[in-house]
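The shown structure was predicted, so the numbers you read here are calculated from the model rather than taken from an experiment. Just so we're on the same page: letters track the sequence lines, and every chain starts at 1.
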Amino acid sequence: MENDTINKGYTPEAVEAKWYEFWEQNGLFAASEESGRKPFSIVIPPPNVTGILHMGHSLNITLQDILCRYRRLRGDNVLWMPGTDHAGIATQNVVERNLATQGVDRHQIGREKFVEAVWEWRRKYGDAIINQLKRLGASCDWARERFTMDDGLSRAVRKVFVELYEAGLIYRGNYIINWCPRCQTALAELEVEHEEHNGHIYHIHYPLTDGGEGPVVATTRPETMLGDTAVAVHPEDDRYRHFNGKYVTLPLTGREIPIISDPYVDVSFGTGALKITPAHDPNDFEIGKIHSLPSVKVIGEDGLMTEEAGDKYKGLDRFECRRVVVEDLKNHGFLQKIEDYRHSIGHCYRCQTLVEPNLSKQWFVKTRPLAEKAVEAVKDSETKIVPEKWKNDYFKWMENIRDWCISRQIWWGHPIPAWKCADCDELVVAVEEPKKCPACGSRRLEQDPDVLDTWFSSALWPFSTMGWPDQTRLLKTFYPTSVLVTGFDILFFWVARMMMMGCHFMNDVPFKDVYVHALVRDENGKKMSKSSGNVIDPMVIIEKYGTDALRFTLAAFAAQGRDIKLSEKRIEGYRNFINKLWNAARLTLMHVTDKPADIDPSILGLADRWMLSRLKKVAYRVAEAIDGYHFNTAANEIYQFVWHEFCDWYLEAAKPALYGKWGEKRKQAALSVSWRILHDTLILLHPFIPFVTEEIWHLLPGTEGSVMKAVYPSDAPGFEQIAHDSAAEADMALVMDIITGIRNIRGEMNIAPSLALEVLIQTDNTAHQSLIKNNQALIGNLARLNSLNVASAGEKPKATATAIVDDLVISVFLEGVIDFAQESQRLEKEIAKLDKEIQAFLKKLENNDFINKAPAAVIDKTRSQYDECVEKLKKLKQNFDTIRSISEFQ
RNA sequence: GGGCGGAUAGCUCAGUUGGGAGAGCGGCGGCCUUACAAGCCGUAGGUCACAGGUUCGAGCCCUGUUCCGCCUACCA
């Protein structure tokens, strides 16, 4: 046979590269800027350009690819906009580390050369992550790939900055911000990760200037005392009322600072006296403003103590300084006690360094007015968040939003489009670099040295990638995008900010749906991280099991609202599924060597009709599940269908027909049905497992081109003619039960599978009688029977084992083989099981409340179930008695 | 401190408007049956965390408790 050459096992590595290239070269990922078709668009969450693919990406990309490939099959004009993010701090760190291996510090080579080095790095390694996305099968429109530092996107960034500035929504000022001493830059609130930590709380005595005993303050950061400019007590705290108007002498410095009263102080916490360090604590900063206190900055940008800290401490590292200060306080008798204290402290999300709250001049976005519109859009369901539970988090965050610090003191990123006149100090904010100062005409303009937060440019991604600020055709066709697929970890970082910017600048939401997916964890539920060493590398998995196996696993586990615990074992299981599909195709292709004739309903057998009916249902269900982002439901639905219906039942049932044992007509029916099922199944599965489906598609006679260009089964002409055949489904269910009943006896009675059996089925139900007669060959084949006879209900033959299915008494002749003791034991077990069920029904039916209050349909159903069980029990008992009487004779 | 989510078979989890508890993996027994041993057939296994409540009826709805996660917060 022609197809004997098809491999027995599916080998992904040989297949995947071939088809990806085929798709790309044939332009199958390309979106059309204008078309009559319904547009469907997704912008990719841009991965970090220096990053490598992890499982989180894999899930994210897989889900998007499923949606895109599915929408193409449904006939949509699909745009999947790809690209990468310049990831300011992270990328700068990577390149700096690389330079360090050559013994070079970025300050040695200077800003210009350093930025050039980063671009060089990007040119060299920037494709790595893109290539990994391709390995995953991502069907992005690569011709449109964007980078957040592209000219076009940079222009969008400048325009947004200028417009927000002119609208008063961007301002610059001196505030306490979160400073990372290692990255040497300001961070936004969001970029600080809080972690519980075992620390200490220090009680320090501040003596009164007049020599009297002063307040004792409590602090977790004693080194900041060097920058104290006041001590605050609560105005109604009787303990401290006598301090009113007095001054203390700040230990170790000798500076005199006032005791002030402020209702902010919590009398019940610590000592009730609060040291005020406006330059190093956000609350103290606020209090300082109210009381017009000076700010003394004792910790510098480098994490070392400043000159203001005093000669002794200047230049010390902040942690070393703490040790020395505590030592000195102790020696001078100021330190009253040290207590253990558990509290949370902030770390830089990029490098985990302890963040220092520091007074600094930065640029901020005034977020509240922007947030309002973004909240409204979700409240009005212009954007739907799925699953809905994330809506609350979104609202809560938006409603408590604080201004967004957007300036970063690094070199890699979008320069801030602001210039200062060296002559008159005029600040100029403009899209293009100004030639001269508009105030004094000077040409000595200096650009602000800071760059913008990376998320500032990511926030524009849904429209900047489509050419904004130009009014492009792409924008017109594809904005707002259909759905954003992302993890909840960047809901605030990214989604919320895109909502704000989209609503403000496009006057429309950036996406109609947001599908928030879970996190991928290790098999113990721990977050995968390099430091825990529990990372599963998608590329290693792909090499071992194939991309399709990985994708199907992720989809099958992507239940809404629950994290995915991933282990290789599971991937292996789904790899087996791919192989199962492959072998189902092999079997089919052994017989289907040419495209079979169209299905002729008049020659179909029961199994054929059943299978087609199931296909119809599954096609609808899968569509429904994907439409609702229930990826796991969709995946499991097809899995069940392919393996346990198509393979386990249909193909097994169809084998004799395919081999021509049942005549030409049945062969024709089996050929056309199995072709049809395989054909449609490939389409249903293609969004999930694109490679293997494409491979089989090309082996299947009667297909043309790519499966990507196929029509989703329920949209195909003629699909309506596939009957939803509930009669066939019910009949097949009974036939399956008969077969399973016989197999059960075979298994339980330890009868060799090779031994063909004789079976008698007794019933007075004439419909069932003819059903069995008509499908004698089918049952005989699958249950491995020698003979199958049908008769009216009557005396049960001896030396048989029995199964009761519906109103059928199935007797398996076991002359000479039967172990009567074993058979009676088996029946006893079943009787006991049935008895329990009957009791449960009876309890309901004897309950007057149930009869009076439950809906009639429920009562009817319960009653018929009860009747059925009773009937079955009766038959079982008869058989049990027969067997018992025989075994007693023996 | 506040909020959210979870607790269902040995393990990982489904269970969409309340109506006789499911899958995959693992276990056990039997099979190299000419698509597949990455397989086939059969089978065991659950007081649906605990305590109340609503209801004729609760895994599902309500209240409380316990134990795990996660997010969030400026109490020094």
> Counting any heavy atom closer than 4.0 Å, what does A:Thr740 reach on the DNA or RNA strands: base, sugar-phosphate only, or nothing?
Replying inline: sugar-phosphate

> Can you say whether the rings of A:Tyr574 and A:Phe557 are parallel (under 30°), tilted (30 to 60°) or perpendicular (over 60°)?
Replying inline: perpendicular

>> Can you tell me whether the side chain of A:Tyr574 and the base of B:rC25 have a donor-acceptor pair closer than 3.5 Å?
In response: no

> How far does the P atom of B:rG59 sit from the matching atom of B:rA7, given to the nearest Å?
Replying inline: 14 Å

>> Mind checking if A:His203 touches a base, just sugar-phosphate, or nothing, with heavy atoms under 4.0 Å?
In response: nothing

> Counting any heavy atom closer than 4.0 Å, what does A:Pro855 reach on the DNA or RNA strands: base, sugar-phosphate only, or nothing?
Replying inline: base

> Now, which nucleotide makes the Watson-Crick or G-U wobble pair with B:rC13, with each of the two distances under 3.5 Å?
Replying inline: B:rG22

>> So A:Ala584, base contact, sugar-phosphate only, or nothing? Heavy-atom distance under 4.0 Å.
In response: base

> If you look at every strand shown and take non-hydrogen atoms under 4.0 Å, does A:Glu748 touch a base, only sugar-phosphate, or nothing?
Replying inline: sugar-phosphate

>> Rounded to whole Å, how long is the line connecting atom CG of A:Asn636 with atom P of B:rG22?
In response: 16 Å

>> Over all strands shown, is A:Phe577 touching base, sugar-phosphate only, or nothing at heavy-atom distances under 4.0 angstrom?
In response: nothing

>> What's A:Val217 touching, base or sugar-phosphate or nothing? Going by heavy atoms closer than 4.0 Å.
In response: nothing

> If you look at every strand shown and take non-hydrogen atoms under 4.0 Å, does A:Arg402 touch a base, only sugar-phosphate, or nothing?
Replying inline: sugar-phosphate

> A:Trp649 CH2 to B:rC41 P: how many Å, rounded?
Replying inline: 8 Å

>> Heavy atoms only, 4.0 Å cut-off, all strands: where does A:Asp648 land among base, sugar-phosphate and nothing?
In response: sugar-phosphate

> With a non-hydrogen cut-off below 4.0 angstrom, is A:Phe285 in contact with a base, only sugar-phosphate, or nothing?
Replying inline: nothing

>> Counting the atoms with a prime plus P, OP1 and OP2 as sugar-phosphate, which does A:Asn579 contact under 4.0 Å by heavy atoms, base, sugar-phosphate, or nothing?
In response: base

> If you pin A:Asp393 and A:Pro12 to their nearest nucleotides in RNA chain B, which one's is more 5'?
Replying inline: A:Pro12

> Using a cut-off of 4.0 Å on non-hydrogen atoms, how would the nucleic acid contact of A:Trp643 be classed: base, sugar-phosphate, or nothing?
Replying inline: sugar-phosphate

> Under 4.0 angstrom, heavy atoms only, what part of the nucleic acid is A:Arg743 near: base, sugar-phosphate, or nothing?
Replying inline: sugar-phosphate

> Salt bridge or not for A:Arg621 and A:Glu624, using N-O below 4.0 Å?
Replying inline: no

>> Can you tell whether the side chains of A:Glu568 and A:Lys544 come within less than 4.0 Å, N to carboxylate O?
In response: yes

> Where do A:Ile838 and A:Leu873 land on the side-chain contact (heavy atoms from CB on, under 4.5 Å) test, with the steps shown first?
Replying inline: CA-CA 9 Å; A:Ile838 288 172; A:Leu873 183 71; 3.6 Å; yes

> Going by the side-chain hydrogen bond (donor to acceptor under 3.5 Å, both in side chains) test, which pairs reach into residues 220-231 of chain A, not counting sequence neighbours?
Replying inline: A:Tyr206-A:Asp228, A:Arg221-A:Glu356, A:Glu223-A:Arg322, A:Thr224-A:Lys275, A:Asp228-A:Lys275, A:Asp228-A:Thr277

> So what does A:Lys655 touch, heavy atoms closer than 4.0 Å: a base, only the sugar-phosphate, or nothing?
Replying inline: base

> Using purine N1 to pyrimidine N3 plus N6-O4 or O6-N4 for Watson-Crick, or N1-O2 and O6-N3 for G-U wobble, each under 3.5 Å, what pairs with B:rG27?
Replying inline: B:rU43

